[in-house]
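What follows is a short report on a single structure.
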2 protein chains.
Amino acid sequence: MSKNCNFIEKLREVGLRPTKQRVKMCEVLYNREKTFHFTINDLVKLLSEKMNEKISLATVYNTVHAFEKKGYLKEISIDSHKSYFDTNTSAHHHFFDEDTHELIDCDESDIEKINIRKNITGKKINSVEVLVRVASDNQTHK
Amino acid sequence: MSKNCNFIEKLREVGLRPTKQRVKMCEVLYNREKTFHFTINDLVKLLSEKMNEKISLATVYNTVHAFEKKGYLKEISIDSHKSYFDTNTSAHHHFFDEDTHELIDCDESDIEKINIRKNITGKKINSVEVLVRVASDNQTHK
DNA sequence: TCAATAGTTTAGAATTATTATAATGTAGAT
DNA sequence: ATCTACATTATAATAATTCTAAACTATTGA
Ligand SMILES: [Mn+2]
Ligand SMILES: [Mn+2]
Ligand SMILES: [Zn+2]
Ligand SMILES: [Zn+2]
């Protein structure tokens, strides 16, 4: 889903009816410059801030999963105690800030091509993703 | 924790009392050739198969987390709906078989050195890990 | 235009994974 | 043998997610 506001069309294209709630969720998720990484909690908070009527939790879950199934969102596993979703659905690499628990996308040029020498017979590679964990550098250097 | 059976000593070394349950869990986890990747459920099943007396679920959780804190286990996030633990506690890469939901360790030579060009000011890199998702190759080739 | 219908929303219940609690048990020390 | 710190246990509590079933609504097409 791109930056333009034709969410009604976009939703219809994949067979999702463009209801008020879905369009509002699209606006919150996709009307932004950068890709957006969020937890369900983040999203519920954002939605309730930016809307008069609240969207029920069940609808948020249903819609997030509908978007995921249609390829508009991707689930990312970083911290087994939290589910992250990503508006960037391509296979890509991440930095994860262990202080703020924030995810940051890498683009192609940030990490050199990964060369894999191992191969598992009968299996094909679906994706190769790198996770770089970073944290604050301001230790008291001895 | 290594291959030898001195689990009593090993446990004492880090200040964990070598109780019957802990020693049994060590045997199940560390008496094996390869590193072991498991979910809490896997472990509970294994323990109940290989023991006369059952270990309570609370003890399994407590002990896994104690081992994690002491650096004997590492938690791995692959699938946000499941917690994996790993007896290989070093930073290392994985293949994940999406058919069987099995994790496979890579060793140094399997993946060439990762070169990272991006750098985030004020942050240092704690780890760089690659996840390669694989799946069965036997499609009906058109 | 308007009823039919397929799909959507909702609150709340149910389920699952995990963590907390508090009483009881026990390993290791003396 | 006794003491004490720590471990174990059953159970309760919590949190995240999914299910359910009833009410609602957007779209279709008569
Ligand atoms: Mn955990
Ligand atoms: Mn999910
Ligand atoms: Zn991303
Ligand atoms: Zn591993």
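Residue numbers start from 1 in every chain, and the chains themselves are labelled A, B, ... in the order their sequence lines are given, proteins ahead of strands. Note that these values count all heavy atoms, side chains included, but never hydrogens, waters or copies made by symmetry.
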Hey, what do you get for OH (B/Tyr72) to SG (B/Cys26), rounding to the nearest 0.5 Å? 7.5 Å
Applying salt bridge (Lys or Arg N to Asp or Glu O under 4.0 Å), name anything that partners A/Glu75, two or more places apart in sequence or on another chain. none
Considering residues at least two apart in sequence or located in another chain, which fulfil the ring-ring contact (aromatic ring centres under 6.0 Å, His included) criterion with A/His101? A/Phe96
Examine distances only and state if a side-chain atom of B/Arg22 and a backbone atom of B/Thr63 form a donor-acceptor pair shorter than 3.5 Å. no
If I take atom OH in residue A/Tyr84 and atom P in nucleotide D/dT17, what distance separates them, rounded to the nearest angstrom? 12 Å
Suppose the criterion is salt bridge (charged side-chain N to carboxylate O under 4.0 Å, His left out): which pairs have a residue in residues 79-105 of chain A, not counting sequence neighbours? A/Asp97-B/Lys123, A/Glu98-A/Arg133, A/Asp99-B/Lys123
Enumerate the protein-to-nucleotides 25-30 of chain D contacts in which both atoms are nitrogen or oxygen and the separation is below 3.5 Å.
residue: D/dT27; atom: OP1; partner: A/Arg12; partner atom: NH1; Å: 3.1

Please figure out whether B/Gln21 or A/Asn41 has its closest DNA chain D nucleotide nearer the 5' end. B/Gln21
Can you name the residues that form a side-chain contact (heavy atoms from CB on, under 4.5 Å) with B/Val128, not counting sequence neighbours? A/Val130, A/Val132, B/Ile114, B/Ile116, B/Ile125
B/Arg22 CZ to D/dA7 C1': how many Å, rounded? 7 Å
B/Asp79 CG to D/dA16 P: how many Å, rounded? 18 Å
Using the test side-chain contact (heavy atoms from CB on, under 4.5 Å), find all partners of A/Asp107 that sit at least two apart in sequence or belong to another chain. A/Ser109, A/Asp110
Tell me: NZ of A/Lys82 to P of D/dT17, nearest whole Å? 11 Å
Which residues pass the side-chain contact (heavy atoms from CB on, under 4.5 Å) test with B/Glu49, sequence neighbours left out? B/Lys45, B/Leu46
Going by heavy atoms closer than 4.0 Å, what residues in residues 54-66 of chain A are next to DNA chain C? A/Lys54, A/Ile55, A/Ser56, A/Ala58, A/Thr59, A/Asn62
Checking B/Glu129 now: which residues fulfil salt bridge (Lys or Arg N to Asp or Glu O under 4.0 Å) with it, not counting sequence neighbours? B/Lys74
5' precedence on DNA chain D between B/Gly15 and A/His81 (nearest-nucleotide basis): B/Gly15
Once side-chain contact (heavy atoms from CB on, under 4.5 Å) is applied, do any residues pair with A/Glu27, and if so which ones, sequence neighbours excluded? A/Phe7, A/Val23, A/Lys24, A/Asn31
Give me the first and last nucleotide of DNA chain C, going 5' to 3', that has any atom under 4.0 Å from a heavy atom of chain B. C/dA17 to C/dG28
Among residues at least two apart in sequence or on other chains, which ones pass ring-ring contact (aromatic ring centres under 6.0 Å, His included) with B/Phe95? none
